[in-house]
Trainee: 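Below are the structure tokens for one structure; questions will follow.
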Amino acid sequence: MTDTEPNPSTGVPAAGAPDADVLTADLNATQSEAVRTVDGPVLVLAGAGTGKTRVLTTRLAYILRAGLAMHGQILAVTFTNKAAREMKERVGAMTRRPVEGWWLGTFHALAARMLRQNAERIGLNPNFTIIDTDDQLRLMKQLLQAQSIDEKKWPARTVLHAVQRWKDRGLTPDQVSAEDAGDLAGGKAIELYKQYQQRLLTLNACDFGDLLLHCLTLFREAGDVLEKYQQQFKYILVDEYQDTNVAQYLWLRLLAQGHKNICCVGDDDQSIYGWRGAEVGNILRFEQDFPGASVVRLEKNYRSTGHILGAAGGLISHNEGRLGKTLWTEIDQGEAVRVRGLWDGDAEARFVGEEVEALQADGHPLSEIAVLVRTGAMTRGFEDRFFTIGLPYRIVGGARFFERLEIRDALAYLRLIQSPDDDLAFERILNTPKRGLGDKALQTLYQAARARGTSLMRAAFDVAQTEELRPQARRALGTLLEKFARWRQLAQESDHVSLAQTVLDESGYTEMWQRDKSAEAPGRLDNLKELISAMGEFDALGGFLEHVSLVMETFADDAAEKVTVMTLHAAKGLEFDTVFLAGWEEGLFPNQRAMDENGVKGLEEERRLAYVGLTRAKRRAIVSFAANRRMFGSWNAAIPSRFVDELPKEHVKMESDPGLYGTGTGFGGGGFGGGRDTFSSFAEQPSRWTPGMARAYQRRQEGEAPTKFIEGTAETVASAPGKFGRGDRVFHRKFGYGTVRQAEGERLTIDFDKADTKKVMASFVVPPEQAD
DNA sequence: CGCAGGCAATTTTTT
DNA sequence: ATTGCCTGCG
């Protein structure tokens, strides 16, 4: 069935019929305009909650239904797999046809598709691998070592970061100016970049940046290829345009030069990825970049109350160089944004916990409540608190499934079966599990590979026949290579799921973790099982590996009846009835480092982040800050974020705890939380354990006394007699870990572990005003 | 080759 | 405080 035929099952008329108008019937005037402006470049400035996704999907369906193009002639680009998936679902529902094979996907997935179609034109094999950060880093380290560059002075991360920024700007090694490189890596940065690219080419591999960069090179050097795509894509749709980097912009501009029908949707006020190369300038310059462009502003907000929009709008108005939008809503004014000052981070977590419980008691679903924080580390305090009070919660983010050690190892085996020349994979598993092939053996193999001009795997087959390695190592290598030969055979004969199972068993990898008695081993084995079962959803090994490289997603259970805790970045594109915005302290948010490194630009991006946070809220936004926060072990005093002051007074209700900043007597954040088990909140989810936590948990399992937390004033502790006994392990927020020597009435004596605080205290709790 | 102990680094995150 | 990384020794 072609795109121009009527759909027999739905009776949808043929393309070109006025029926396409039906699609826009439910939209407001500007949304409809955004959908129907189909000749020439269009920029849709879509404020938060103005129906951006709806416009984008309707536009795609409209173009199809109006018969302006067939699906193969539309390029629809998103940033995340999630956005791509959502768009596929919605367009599929609207057009009632499968969305298979469409050019709808992320920048990287679409670029990879184009590259695979034309790989040989730029010296790659169509089955090139896409490497992850881990591999990138190891590769760069090797290059630094080869150049004898001091890794202390120029860490591989730093150099790699620079390389990535160049790639974001669409610069190949010869296009980087010496001035740009500066004295990075002792002035050898450009040379390193060049070598890095050469090495990747030899490995038949790309990193994420290359997917776009190679496309640009391809377009530049193979005019016929570019022309073909330019002809093919009659319409181009782009989501989240404010987050594009220069390479992505160039890619789009080249592709759009054919039909000039490019529609970019975005919001300059929601650009929060400058630190990874996004250029707000792209959206600000749209009208110059695409002459004759129309601009449509979506300003009617369907999400938030008047107070929330007022607060967010007032805050963002402190940024300069905006395209400018004023959101309005027909929803009621609602409640003012609450701003709550608290004594410390624990008090803040306690406050949020109590508020959530109150909302829950009023019948508010937990799935409509979110706690948004600036840094990933801040989720821990809330997790701890929510667990303690038995509040169901979900942490978004953290270590992602495919980034876990055991998953990467397992994937390396599979990659190596798929493409034997994948040196990075080879290196990773050569001695994992330990089989007596360490650094020495690897060096020998490297030399052999270099001498022969082949990959490590091929060189290894030769070396196994010679005297170059000690007999023991030679035998071990021989055994490994035999296994690989067998597995490769098996890959032809059996399905990829049983292949993976066999590989993990025969390689001794599963056994390695079964033998491992550390507490995190069971979690790792679970993850391996999960990996095997995930593979079942793919037809073949190749497809699975491509998915893994491009879609680094955790298979998470969403939709559960839980409070969500996540970073502000992770919250983009989501909405909740109630949003808690925690940690609004100067230095933390706006983040000091962001300001130090990027000055006013950095500050403005932080402000946009605050704006994004506020506009996630449909009915309630509650901002909080703490006067004291423990960071990296020590206590920091803090003042409220400047963003608190920037919220327009008429939309805000201040409710700082009494006693903060000398405004009264008494101290907030009292309460008593003693007797809490340090590790209980993680006991049920071993897969989330860090090695340190796992060790501590194990110590506890072995009978060591549990650690108790002490918080609150001397009085409150004294009012809870019997909570502490001789020999209890305690943790005090200022003095750290200790042991109770004596506990009678309100006199507690504690020996603290740290030498400088090893003193006997009559009253162990520091009143809040004395805390640093 | 493997392990214990010393040592810096510790924003945000997708693909 | 915690973590991963590096080094030096057995």
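Chain letters run A, B, ... following the sequence lines, proteins first, then strands; residues in each count from 1. Just so it is clear, the structure is predicted and the values come from calculations on it, not from any experiment.
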Trainee: Please report the distance, rounded to the nearest Å, between CZ in A:Arg608 and P in B:dT12.
Mentor: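 Answer to the nearest Å: 18 Å.
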Trainee: Under the side chain to side chain contact (heavy atoms under 4.5 Å, CB included) rule, what do A:His569 and A:Trp275 come out as? Steps first, then yes or no, please.
Mentor: CA-CA 12 Å; A:His569 284 90; A:Trp275 49 274; 3.4 Å; yes
Trainee: Taking atom P of B:dT11 as reference, at what distance in whole Å does atom CG of A:Leu603 sit?
Mentor: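 It works out to 18 Å between those atoms.
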Trainee: Write down the distance between CD1 (A:Ile130) and P (B:dT14), rounded to a whole number of angstrom.
Mentor: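 So the CD1-P distance, A:Ile130 to B:dT14, works out to 17 Å.
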Trainee: Would you please determine if the base of B:dT13 is stacked by A:Tyr273, with stacking meaning a centroid separation under 5.5 angstrom and planes under 30 degrees?
Mentor: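 So A:Tyr273 does not count as stacking on the base.
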Trainee: Separation of A:Lys572 atom NZ from B:dT11 atom P, in whole Å?
Mentor: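 Spelled out: NZ on A:Lys572 to P on B:dT11 is 21 Å.
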Trainee: Which value, in whole Å, describes the distance between the P atoms of nucleotides C:dT3 and B:dT12?
Mentor: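 That atom pair is separated by 15 Å.
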Trainee: NA contact type, A:Glu597, heavy-atom cut-off 4.0 Å: base, sugar-phosphate, or nothing?
Mentor: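 Answer is base: heavy atoms of A:Glu597 come under 4.0 Å of a base.
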Trainee: Taking only side-chain nitrogens and oxygens of A:Thr375, does any of them come within less than 4.0 Å of OP1 or OP2 of B:dT10?
Mentor: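 So the side chain of A:Thr375 is outside the cut-off, no N or O lying under 4.0 Å from OP1 or OP2 of B:dT10.
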Trainee: Measure the distance from CZ on A:Phe107 to P on B:dT14 and round it to the nearest whole Å.
Mentor: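 A:Phe107 atom CZ is separated from B:dT14 atom P by 16 Å.
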Trainee: Between A:Phe538 and A:His547, how do the two ring planes meet: parallel, tilted or perpendicular, split at 30° and 60°?
Mentor: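 Ring orientation of A:Phe538 relative to A:His547: tilted.
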Trainee: Which one, B:dT15, B:dT11, B:dT12, comes nearest to the side chain of A:Thr567?
Mentor: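 For A:Thr567, the side-chain atoms sit closest to B:dT12.
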Trainee: Taking atom P in both B:dT11 and C:dG4, compute the distance separating them and give it to the nearest angstrom.
Mentor: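 Their P atoms lie roughly 15 Å apart.
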Trainee: Any idea how A:Trp584 and A:Phe643 line up, ring-wise: parallel (<30°), tilted (30 to 60°), or perpendicular (>60°)?
Mentor: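 Perpendicular, since the angle between the ring planes exceeds 60°.
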Trainee: What's the CZ-P distance between A:Arg380 and C:dA1, to the nearest Å?
Mentor: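 Rounded to the whole Å, the gap is 14 Å.
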Trainee: Tell me if the centroids of the rings in A:Trp251 and A:Tyr249 come within less than 6.0 Å of each other.
Mentor: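 No, the ring of A:Trp251 stays outside the 6.0 Å limit from the ring of A:Tyr249, centre to centre.
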Trainee: Rounded off to whole Å, could you give me the CE-to-P distance for the A:Met378 and C:dT2 pair?
Mentor: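 Atom CE in A:Met378 sits about 18 Å away from atom P in C:dT2.
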Trainee: Considering just the side-chain nitrogens and oxygens of A:Asn81, establish if one lies under 4.0 Å of OP1 or OP2 belonging to B:dT15.
Mentor: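 A:Asn81 to B:dT15 OP1/OP2: side-chain N or O found under 4.0 Å.
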Trainee: Taking for each residue the nucleotide of DNA chain B bearing the nearest heavy atom, is the 5' side occupied by A:Arg593 or by A:Arg276?
Mentor: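 On the 5' side of the pair lies A:Arg593.
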Trainee: Measure from NZ or CZ of A:Arg385 to the centre of the six-membered ring of A:Phe382 and say whether it is under 6.0 Å with the direction within 45° of the ring axis.
Mentor: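 Ring-cation test returns no.
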Trainee: Could you work out, with side chain to side chain contact (heavy atoms under 4.5 Å, CB included) as the rule, every residue matching A:Gln592, not counting sequence neighbours?
Mentor: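 Residues passing side chain to side chain contact (heavy atoms under 4.5 Å, CB included) with A:Gln592: A:Met595, A:Asp596.
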Trainee: The side chain of A:His569 is closest to which nucleotide in this list: B:dT15, B:dT11, B:dT12?
Mentor: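 Within the option list, the nearest is B:dT12.
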Trainee: Look for any protein N or O under 3.5 Å of an N or O in nucleotides 1-7 of chain B and output each such pair with its distance, or none.
Mentor:
{"unit_1": "B:dC1", "atom_1": "OP1", "unit_2": "A:Gly438", "atom_2": "N", "d": "2.1"}
{"unit_1": "B:dC1", "atom_1": "OP2", "unit_2": "A:Asp439", "atom_2": "N", "d": "2.8"}
{"unit_1": "B:dC1", "atom_1": "OP2", "unit_2": "A:Lys440", "atom_2": "N", "d": "3.2"}

Trainee: Provide, to the nearest angstrom, the distance between the CD atom belonging to A:Glu86 and the P atom belonging to B:dT14.
Mentor: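 So the CD-P distance, A:Glu86 to B:dT14, works out to 16 Å.
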Trainee: Hydrogens and angles aside, do A:Tyr509 and A:Glu406 bring a side-chain donor and acceptor to less than 3.5 Å of each other?
Mentor: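 No.
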